[in-house]
Amino acid sequence: MIKYQCFGIVLLCLIVLAKSKTSNSKQQNVRSFPDGFLFGTATASYQVEGGWNEDGKTENIWDHRTHLNPSPIKDQSTGDIAADSYHLYKRDVEMMRELGLDFYRFSLSWTRILPTGFPDKINEAGVEYYNNLINEMLKYNIEPVVTLYHWDLPQKFQELGGWTNPFIIDWYTDFARVVFETFGDRVKYWITINEPREICYQGYGAASLAPGYNYSGVADYMCAKHLLLAHAKTYHMYDQKYRPKYGGNIFITLSAMWYEPANENEIEAASDANQFQWALYAHPIFSRVGDYPPVIKEKIAAKSAEQGFTRSRLPEFTPEEVEYIQGTSDFFGLNHYSTYYVVRNESVKGMYEVPSFFDDMDVIIYQLPDWKIGESNFTMYVPWGFYNLLTQIREDYDNPVVFITENGFATRGGLDDDDRVTYYKYYLNAMLDAIDDGSNIIAYTAWSIMDNFEWSLGYTERFGLYEVDYNSPERTRTPRKSAFLYKEILRTRTLDLEYEPDTNVMDIDEGH
Ligand code: BGC
């Protein structure tokens, strides 16, 4: 597990902070978004749908994990009902219209569509649910952006090893084929997989997400290889078979925090942190040469040899596989929430389990208490980190087209979410700075349209523009102040840093 530490170097950090805030020099109070820029919000199936065993849906790894006794979830909650979007999708679309969204990103529950996980049986009720949702959105010109896999693997496949079993490449591609055949005529934006790092490291290494394995330095790397190949196979299938017919886009979403050197001696350490934490997945797809970043291959091979392993714990790709994965994403799908400082010093020795992902990375990461705004320390507020990350992506990967698929702020609830308002304003401002510098960013997605099941943290952390009342059987959704801010940004297509949201009535503007 990550161990957080903060040293008494606040002064030093402030100097670095000032240096990194290059973006602020350009600050204006009202700024425009580029023509054609798209705005949306996002959710994921397990986090909002509920209906966990309804109409033929079978168990997935999150049903399984949340039903364990004792429960590993902070408040012992489950997603059995969650925000009940399985029944309330019309209200969800109404909220999208209230906000004036261009698109809505949601994910498909694999076992709702394929109860055995395989395409031998298609669950008509599951298909109907997604058809209803998609058609309701299209009625109001809201573009569906659909994630095929946002963490809810069929439990049966987990029992066979999940993402550590190479057969997953075919299982996943077979599921994708059914999905493209069924919804491909209407969906033009496909995201293959949400956040490989969280699936592999947190799921198979740190035991903090389903399936909850604690086998870091081995299982997380096996997962990474199969996941990248499954993604690439599905990309090629869409590209060759469905794109000519439907003309859509297909891409992957990576999570990336920003890792900033704590001082000028830590540039290499921070660079290693960025490589391990997200370039592990970005480099094979977006770099000119493909494959894992050389520094990762070298470090893990060297440590593995020292530790007495016969071969590197990071399973290699063949040259054919390197080529097969390279270039398999139309956009760089990016989820970003916060920033860490990085140092590498003597105290890193013995700090992590051996072997493990963190021991291989060999750095210490930490955040500053000053970055906390509001009650939660889940999403520490560091807008300049977002700017630095976007700059790095532009520089490292030949300015790819970036689709921001998640960004958002956690609170502990309540409608007056002024801290979330601040977060959105200044993260969007940092994004506009990157655009001014030439970053090719085409879309922004707020996580989330409404409160939902926040994985291991249950319902204790709230990310919604709309609050969900979990005590009401209707799961009543009420707009927060940030919903009014987002609506105004979308209406005017500008960002006014002075704007104070007027929270009177949330209605639907003409055209939506
Ligand atoms: C995930 C979401 C999650 C959010 C906030 C992302 O890692 O894709 O499912 O709710 O972060 O933790």
Side-chain angles (χ1 to χ4, degrees), residues 41-68 71-96 104-113 115 123 125-126 128-130 132-134 136-137 144 146-155 194-195 198 203 208-212 378 406 408 410-413 445-480 483:
T41 62
T43 58
S45 46
Y46 188 78
Q47 294 181 275
V48 296
E49 282 179 8
W52 81 278
N53 60 356
E54 271 182 62
D55 300 337
K57 178 183 164 296
T58 60
E59 192 186 32
N60 63 44
I61 57 175
W62 276 94
D63 297 318
H64 187 81
R65 186 163 175 80
T66 55
H67 294 159
L68 290 175
S71 167
I73 309 301
K74 189 168 178 189
D75 56 3
Q76 276 87 52
S77 64
T78 72
D80 288 0
I81 303 176
D84 203 19
S85 287
Y86 187 61
H87 299 109
L88 299 175
Y89 72 90
K90 285 202 173 165
R91 170 66 181 131
D92 293 350
V93 176
E94 189 176 63
M95 284 144 57
M96 298 172 208
Y104 175 63
R105 173 184 175 220
F106 63 95
S107 80
L108 304 173
S109 162
W110 190 330
T111 59
R112 197 182 291 293
I113 296 173
N123 180 23
E128 194 188 326
Y129 168 64
Y130 292 116
N132 287 341
L133 173 61
I134 291 167
E136 183 76 4
M137 286 167 57
V146 179
T147 311
L148 279 108
Y149 184 79
H150 198 126
W151 306 358
D152 39 4
L153 191 75
Q155 175 60 20
N194 179 69
E195 298 193 343
E198 276 58 37
S208 43
L209 294 174
F378 194 109
E406 282 181 33
T411 68
R412 298 280 158 77
T445 316
W447 181 275
S448 171
I449 191 167
M450 64 189 139
D451 291 340
N452 53 58
F453 179 80
E454 184 45 45
W455 310 113
S456 300
L457 299 170
Y459 298 103
T460 61
E461 300 283 350
R462 306 293 185 99
F463 276 90
L465 296 174
Y466 284 70
E467 180 162 82
V468 174
D469 178 3
Y470 292 104
N471 295 319
S472 81
E474 296 78 29
R475 294 294 191 272
T476 309
R477 289 120 156 87
T478 312
R480 293 195 166 109

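Residues: numbered from 1 along the sequence shown.
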- Give the C-alpha distance, both sets of side-chain angles, the deciding distance and a yes or no for side-chain contact (heavy atoms from CB on, under 4.5 Å) between T411 and F463. CA-CA 7 Å; T411 68; F463 276 90; over 6 Å; no
- Go through W151 and L209 one step at a time and tell me if the side-chain contact (heavy atoms from CB on, under 4.5 Å) criterion holds. CA-CA 9 Å; W151 306 358; L209 294 174; 3.7 Å; yes
- Derivation of the side-chain contact (heavy atoms from CB on, under 4.5 Å) call for E136 and Y89: CA-CA 9 Å; E136 183 76 4; Y89 72 90; 4.2 Å; yes
- Query: Does the side chain to side chain donor-acceptor pair (under 3.5 Å) test come out yes or no for H67 and E59, once each step is laid out?
  - Reply: CA-CA 10 Å; H67 294 159; E59 192 186 32; 5.0 Å; no
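Evaluated for a side-chain contact (heavy atoms from CB on, under 4.5 Å) with T78, the options W62, Y46, W52 yield exactly one hit, Y46. Checked against F106 for a side-chain contact (heavy atoms from CB on, under 4.5 Å), the options V48, T43, T41, D92 give a single hit: T43. With respect to M450, the side-chain contact (heavy atoms from CB on, under 4.5 Å) criterion is satisfied by exactly one of R475, M95, R462: M95.
The nearest pair of heavy atoms linking L465 to A446 is CD1-CB, 4.3 Å. Heavy atoms only, all atoms of each residue included: S45 and D152 are closest at OG-OD2, 2.6 Å. The shortest heavy-atom contact between S109 and E49 is CB-OE1, 3.8 Å. Of all heavy-atom pairs between P144 and I134, the closest is CG-CG2, 4.1 Å. Across G50 and A82, no two heavy atoms sit closer than the pair N-CB, 4.0 Å. Across every non-hydrogen atom of E461 and E454, the tightest pair is O-CB, 3.9 Å.
No side-chain donor-acceptor contact under 3.5 Å links T111 to the backbone of P115. T147 places no side-chain N or O within 3.5 Å of a backbone atom of S107 that could act as its donor or acceptor partner. Using a distance-only test at 3.5 Å, with no hydrogens or angles considered, no donor-acceptor pair links the side chain of S71 to the main chain of L68. Put simply, the side chain of N60 never gets that close to the backbone of P154: no donor and acceptor are under 3.5 Å apart.
Ring-plane geometry between F453 and W455 is classed as perpendicular, the angle between the planes exceeding 60 degrees on a 0 to 90 degree scale with a lower cut at 30. Using cut-offs of 30° and 60° for the angle between ring planes, the Y149 and W110 rings count as perpendicular.
Contact check for T478 versus D469: no side-chain heavy atoms found under the 4.5 Å cut-off. Between F378 and L457, the closest side-chain pair of non-hydrogen atoms falls below 4.5 Å. In this structure, I113 and L108 have side chains that are in contact, with non-hydrogen atoms separated by less than 4.5 Å. Two residues are said to be in side-chain contact when any heavy atoms from C-beta on lie closer than 4.5 Å; Y104 and I449 meet this criterion.
When only modelled atom types and interatomic distance are considered, Y466 and S448 share no side-chain donor-acceptor pair under 3.5 Å. Of the N and O atoms on the side chains of D55 and Y86, at least one donor lies less than 3.5 Å from an acceptor on the other residue. Donor-acceptor pairing under 3.5 Å is recorded for the side chains of S85 and R477. Defined by atom type and a distance below 3.5 Å, a donor-acceptor pair is missing between the side-chain atoms of E195 and H150.
Residues that satisfy the salt bridge (Lys or Arg N to Asp or Glu O under 4.0 Å) test with E406, not counting sequence neighbours, are R105. Residues passing the salt bridge (Lys or Arg N to Asp or Glu O under 4.0 Å) test with R65: none are found, sequence neighbours excluded.
Applying the salt bridge (charged side-chain N to carboxylate O under 4.0 Å, His left out) rule to pairs touching residues 73-90 yields nothing, sequence neighbours excluded.
The NZ atom of K57 lies 6.0 Å from the CZ atom of R112; values are rounded to the nearest 0.5 Å.
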